[in-house]
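Whatever order the structure lists them in is the order used to number ligands and atoms, beginning at 1. What's counted below: heavy atoms across the whole structure, side chains too, no hydrogens, waters or symmetry copies.
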Amino acid sequence: MQTGNPDLTAREPLPALFDADVEALARNMDASGVAVLEDVIPATMLAAAREYIAAELVLHDHQYFGLSGREWIAASPLDALSRSDAFREILCSLWERQMHNIAPADDVRASLRVLAGTVGMRHSNLFHYDSYVVTALVPLLIPDGPNDPRGELVVYPNLRNVRRLAIVNIIEKLIVESALACWLWRMPMIQRRLSARAVPMEPGHIYFFWGMRSLHANRACKPEHVRSTALFHFGDPHARSLLKRLSARRHRARLRRLSRAAGSPQ
Ligand SMILES: O=C(O)CCC(=O)C(=O)O
Ligand SMILES: [Fe+2]
């Protein structure tokens, strides 16, 4: 996609988009599930992010790890992206187009996923809806050998609408994210029937989708390969709900169990 202002500076890593560009992103997210901004992550940022991941992998015994919260991003080479006004503007404009309301003053929530080792395989094919309306996925490291599985993002586009009630959201998530349901979502026949898309990720691009509406998961890579993505989530309609906080705690406990079951440090 052509962007409004291709000027890149150290402080502002992303080009600002025209309204029409954001409108086109939203239309693609509606129509096909995923919209892509191509070649927008500076090569220097990607290189620094890869060094950061390599150093963290040593600390995590070369096994899967995930980072979230404010501290990791501030200390990482992706900090400029998470603080970018242009990036926030894109996420807010998308939120407004989906919710027909003024975007909240919420922070953009950044997290890092590094799939590696046998624990990385356990963290694959975990189909879920995000708790946030807008998701931006930034691939940092993707296996690219000719016969290597690349860990595509599988998306069931816009299977549902944004849920206004936290309780409805939680009950739906309990059902569609269960182990049995994930086994079904992984089946090629179900993916074909429900028009799921397997999106190969290219580092340098940013992939946008309605995370709360589109069921999604990454495919597995080989345990000896590293696949890493940064996720930027925006706009949780249930942020103030007590039920929601309990459900988030359950989700974190599930991720910890997956890591412990494989005997890895978290
Ligand atoms: O790493 C990926 O491809 C997807 C991760 C994801 O969906 C999430 O963390 O919410
Ligand atoms: Fe997600």
task: For ligand 1, indicate whether the residue L115 contacts it via side chain, backbone, both or neither (heavy-atom separation under 4.0 Å).
output: neither
query: Does any non-hydrogen side-chain atom of S82 lie less than 4.5 Å from one of V108?
result: no
message: Suppose I only count heavy atoms of L137 and a 4.0 Å limit; which atoms of ligand 1 are within that range?
response: 2 (C), 3 (O), 4 (C)
query: Would you say L57 and F65 make side-chain contact, with heavy atoms under 4.5 Å?
result: yes
message: For the 3.5 Å polar cut-off, considering only N or O atoms, please tell me whether S111 and ligand 1 meet it.
response: no
- line: Residues passing the salt bridge (charged side-chain N to carboxylate O under 4.0 Å, His left out) test with R245, sequence neighbours excluded, are none
Aromatic ring pairing F127/Y156, orientation class (parallel under 30°, perpendicular over 60°, tilted between): perpendicular
query: If we only count heavy atoms from C-beta on, is the R83 to L81 side-chain gap below 4.5 Å?
result: no
message: Polar contacts were defined as any N/O atom of the residue lying under 3.5 Å from an N/O atom of the ligand; does this apply to N218 and ligand 1?
response: no
task: Go around the Fe ion (ligand 2) and count every protein N, O or S atom nearer than 2.8 Å.
output: 3
message: Given 3.5 Å as the limit, does a donor-acceptor pair link the side chain of R109 with the main chain of H233, or not?
response: no
- line: Of all protein heavy atoms, the one nearest atom 4 (C) of ligand 1 is R113 NH1, 3.7 Å
task: State if M201 counts as touching ligand 1 under the rule of any non-hydrogen atom under 4.0 Å.
output: no
- prompt: Quick one: do D107 and R70 make a salt bridge, cutoff under 4.0 Å?
  reply: yes
query: Would you say the ring centroid of F209 lies under 6.0 angstrom from that of H216?
result: yes
message: Using the rule given for side-chain hydrogen bond (donor to acceptor under 3.5 Å, both in side chains), can you reason through S131 versus D236, listing the C-alpha separation, both sets of side-chain angles and the distance that settles it, and then say yes or no?
response: CA-CA 6 Å; S131 299; D236 174 357; 5.2 Å; no
- prompt: Side chain, backbone, both or neither: which part of D130 has a heavy atom under 4.0 Å from ligand 1?
  reply: side chain
query: Does the distance from a Lys or Arg side-chain N to an Asp or Glu carboxylate O, for D144 and R150, drop under 4.0 Å?
result: no
- line: For L153, the ligand 1 atoms with a heavy-atom partner under 4.0 Å come out as 3 (O), 4 (C)
- prompt: Can you tell me which residue and heavy atom of the protein come closest to atom 3 (O) of ligand 1, and the distance to 0.1 Å?
  reply: R227 NH2, 2.7 Å
message: Do V22 and E89 have side chains that approach each other closer than 4.5 Å (heavy atoms only, starting at C-beta)?
response: no
- prompt: For ligand 1, which atoms sit closer than 4.0 Å to a heavy atom of H216?
  reply: 7 (O)
